[in-house]
2 protein chains.
Amino acid sequence: MTVTLADVAARAQVSPATVSRVLNGNYPVAASTRERVLKAVDELDYVLNGPASALAAATSDLVGILVNDIADPFFGIMASAIQAEIGGPGGRAGGERLAVVCNTGGSPERELTYLTLLQRQRAAAVVLTGGAIEDAPHKAAMDAKLRKLADAGTRVVLCGRPPAPETGAIALTFDNRGGGQELTEHLIGLGHRRLGYIAGPQERTTTRHRLEGHRAALAAHGIEEDPRWTVHGRYDRRSGYEATLELLRRDASLTAVVAANDSVALGACAALRDSGLRIPQDVSVAGFDDLPFSIDAVPALTTVRLPLTEAGARAGRIAMGREEPPPGGIASVRGELMVRGSAAAPRD
Amino acid sequence: MTVTLADVAARAQVSPATVSRVLNGNYPVAASTRERVLKAVDELDYVLNGPASALAAATSDLVGILVNDIADPFFGIMASAIQAEIGGPGGRAGGERLAVVCNTGGSPERELTYLTLLQRQRAAAVVLTGGAIEDAPHKAAMDAKLRKLADAGTRVVLCGRPPAPETGAIALTFDNRGGGQELTEHLIGLGHRRLGYIAGPQERTTTRHRLEGHRAALAAHGIEEDPRWTVHGRYDRRSGYEATLELLRRDASLTAVVAANDSVALGACAALRDSGLRIPQDVSVAGFDDLPFSIDAVPALTTVRLPLTEAGARAGRIAMGREEPPPGGIASVRGELMVRGSAAAPRD
DNA sequence: CTCTACATAGAAAGCGCTTGCTGTCACGCT
DNA sequence: AGCGTGACAGCAAGCGCTTTCTATGTAGAG
């Protein structure tokens, strides 16, 4: 029924070994022979059996990409960049690798399960994006898993994730703390003293680091933080909307709202507008990430740009062994403050 | 070095066959034996070899998803929905399948190459999203490929793509024409008579259908279209910005701009604002797709909502054989007009 | 004109798993 | 006591490819 290497070999009057060699392009094969084989391949419409190759050669052309949610442009952009670099068709790299995108939805179990699944596939490399979950047992399990993957020859790269020392994983970490601090300092510089903060979910490194940066900025300027000024939520618009309403309820005198990311910021803007407050005249708003839509918000969002595309591309190249890992296997990627219209000096 | 089934078998004092059966959970195995095997698996930290299973069983747990660009939420949302349904860890379906996301970038060659790669992996199913390219030779090549995939037992589903009769592929088509028509009729109803149209790239079914809908609406209301009112571009913000400037240059009396999609519409808004025009007082703007950010534009975008999540989920279920395909293998998915602030009656 | 060396091609041994078929018991009927 | 009948477990034959090692033909080298 299905055409196999042997069929091609028979038709081209050569041995299966030769066909394999023509197809894999290593090992010398006489031009005339190669041609005959290629012709047979074409005539029979032969397609290599991936699993069989993978088994025999003990290699795989699958690369895993772990994301929280691929529908979120934050992850989509990184995934796209990684994918472009791992060299699917059209990519520079020779091999034609396939990207396996795994939506963990932020769930520890799924994260682990996906890693096992990728290990089962003997993935050539795995790139983990997004913040890590701060739960000791889970972190230990993850580290063990990453270690095992690395030991099995799978290149592991963390993109926008804190390093995992001793696991053999290369880390490209976003400087969320620094970015958060710079952003809040900008607001303080504008004259704000009462700033609400909409944080992401608890127990996530990204959430904690951004919040720490924010607090460091407050502390550096001698601003005492009111616990009521911080609300935790999810990294989405809806959450931003609700959290903002909550903040307003707790302290209507807030002059600025700093959001965990741009989506949350957009939700905050909507909530403020719905509450009859003008941005930035009544309340300033700031986001984080600088996703493409942030510049189209009105007023445009003041935020911290994370070089998602660049970082993803670099992670992809490192995963493919096409770029030298950073010294020590760890690199910190800085964000850049984007000053735009959503934040201005407070009225009073 | 690496642990194999045989190692587990030896340790559990059973045959490899038994271990395999325990792991695959078909075939009866005595509880005590199963336990012994599981214990050995655990102790040896054994992970099944995917390629080997795939080869032996002639099945695969890979599902391909073809998208233009996963960084674009339009595709990201569909991919996410599909992925949730094909039953990775946490999914309802028993099997743990991995989603292979392929970025074609709209290139015909890559589309075809990726299909071959998926065929090589003996993918369990393939879902193609986004519009098709209208080039006869390419369409023929695609159809032949899809046919071959289907014949090989791979379930093929088209999500938001025109049907490909005779290929065995199930099609969930978006009614772009109907949506386009409804949208433009809404604008005409508001009193617009001079409408600019920013179309997507030529030779794409999506582009053509939306444009046809627009023109049908104009025709239905006896509005003669000026050829200068249509500009083609890409499906991105930048393109929308430039095209709008071009439209304004060609005919500054336009009272409305209809964009190929929401991203283009956002670019159009920016261009209009930068030209000193107010939305919607001076010029109305309309988009298409209703991506999440569209509601946060100011004013919120009037657009046509496409049920991306629902369609993706349905495509995923059909791909998994978990839902009956629509009668005839073809279903048309309608969009819904979202009337918001970016379109209003023209001044004059 | 023989000898060595190189360039190709083939034979065959797996890679690690699944599964049809063949036992082997133990049990419950008659 | 004899035997059909399940319920398990094992044997062994692949699945389709890669790759090591070996064989062969040919071309310079001496």
Side-chain angles (χ1 to χ4, degrees), chain A residues 1-38 40-41 44-62 95-96 117 119-124 152-153, chain B residues 1-38 40-41 44-62 95-96 117 119-124 152-153:
Chain A
M1 176 63 219
T2 78
V3 185
T4 72
L5 239 211
D7 298 330
V8 176
R11 184 166 243 263
Q13 316 231 54
V14 296
S15 73
T18 301
V19 177
S20 171
R21 302 206 254 244
V22 167
L23 262 26
N24 289 298
N26 39 23
Y27 207 84
V29 173
S32 63
T33 312
R34 175 198 322 288
E35 219 166 283
R36 206 143 32 91
V37 170
L38 257 18
V41 166
L44 294 177
D45 215 9
Y46 172 68
V47 175
L48 205 57
N49 182 314
S53 309
L55 172 57
T59 61
S60 154
D61 41 8
L62 259 35
E96 314 205 296
L117 250 28
Q119 182 182 10
R120 173 177 300 187
Q121 296 297 332
R122 307 297 192 252
Chain B
M1 176 64 219
T2 78
V3 185
T4 72
L5 240 211
D7 299 330
V8 176
R11 183 165 243 265
Q13 316 231 55
V14 296
S15 73
T18 301
V19 178
S20 171
R21 302 205 254 244
V22 168
L23 262 26
N24 289 298
N26 39 24
Y27 208 83
V29 174
S32 63
T33 313
R34 176 200 320 290
E35 218 166 281
R36 206 143 29 92
V37 170
L38 258 17
V41 165
L44 295 177
D45 214 11
Y46 171 69
V47 175
L48 205 58
N49 182 315
S53 310
L55 172 57
T59 61
S60 155
D61 40 10
L62 259 33
E96 314 205 294
L117 249 29
Q119 183 181 9
R120 173 178 302 185
Q121 296 297 332
R122 307 298 192 250

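Below, read A as the first sequence line, B as the second, and so on, with proteins coming before strands; counting in each chain starts at 1.
- Note on residues 49-59 of chain A: no pairs pass side-chain hydrogen bond (donor to acceptor under 3.5 Å, both in side chains), not counting sequence neighbours.
- Here dG16(D) presents its C1' atom at 13 Å from CZ of Arg120(B), a figure rounded to the nearest Å.
- Closest heavy-atom contact between Leu55(A) and Leu55(B): CD2-CD2, 3.4 Å.
- Residue Thr2(B) places its side chain closer to dG16(C) than to any other of dT18(D), dA11(C), dG16(C).
- Counting only heavy atoms from C-beta on, Ala17(A) has its side chain closest to dA11(C) among dG16(D), dA11(C), dT18(C).
- Taking atom CG on Leu5(A) and atom P on dT19(D), their separation rounds to 12 Å, with Å as the unit.
- Listed in residue order, the members of residues 19-28 of chain B having a heavy atom less than 4.0 Å from DNA chain C are Ser20(B), Arg21(B), Asn24(B), Tyr27(B).
- In this structure, the CG atom of Asn49(A) is 6 Å from the C1' atom of dG16(D), given to the nearest Å.
- A search for side-chain contact (heavy atoms from CB on, under 4.5 Å) contacts involving Ala54(B) returns Pro51(A), not counting sequence neighbours.
- A salt bridge (charged side-chain N to carboxylate O under 4.0 Å, His left out) check over residues 45-54 of chain A, counting only residues at least two apart or in different chains, returns the pairs Asp45(A)-Lys148(B).
- Residues Thr18(B) and Ala56(B) both approach DNA chain D. Their nearest nucleotides, taken by heavy-atom distance, put Thr18(B) toward the 5′ side.
- Look at Thr4(B) and you won't find any side-chain N or O under 4.0 angstrom from OP1 or OP2 of dC15(C).
- Protein atom CG of Leu55(B) is 11 Å distant from nucleotide atom P of dT18(D), rounded to whole Å.
- Remark: Val47(B) pairs with Gln119(A), Arg120(A), Arg122(A) by the side-chain contact (heavy atoms from CB on, under 4.5 Å) rule, at least two apart or across chains.
- Rounded to whole Å, the distance from CG on Asp7(A) to C1' on dC15(D) is 14 Å.
- The side chain of Leu48(B) lies closest to dT18(C) when the candidates are dT18(D), dA9(D), dT18(C).
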Which pairs of donor and acceptor atoms, one on a side chain in residues 13-22 of chain B, lie under 3.5 Å apart (sequence neighbours left out)?
| residue | atom | partner | partner atom | Å |
| --- | --- | --- | --- | --- |
| Ser15(B) | OG | Ala17(B) | N | 3.4 |
| Ser15(B) | OG | Thr18(B) | N | 3.4 |
| Ser15(B) | OG | Thr18(B) | OG1 | 3.3 |
| Ser20(B) | OG | Asn24(B) | ND2 | 3.3 |

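- Rounded to an integer number of Å, the gap from CZ of Arg36(A) to C1' of dT8(C) is 12 Å.
- The listed nucleotides are dT8(C), dG10(D), dG10(C); the one nearest the side chain of Ser15(B) is dG10(D).
- The shortest heavy-atom contact between Ala124(B) and Ser60(B) is CB-O, 3.5 Å.
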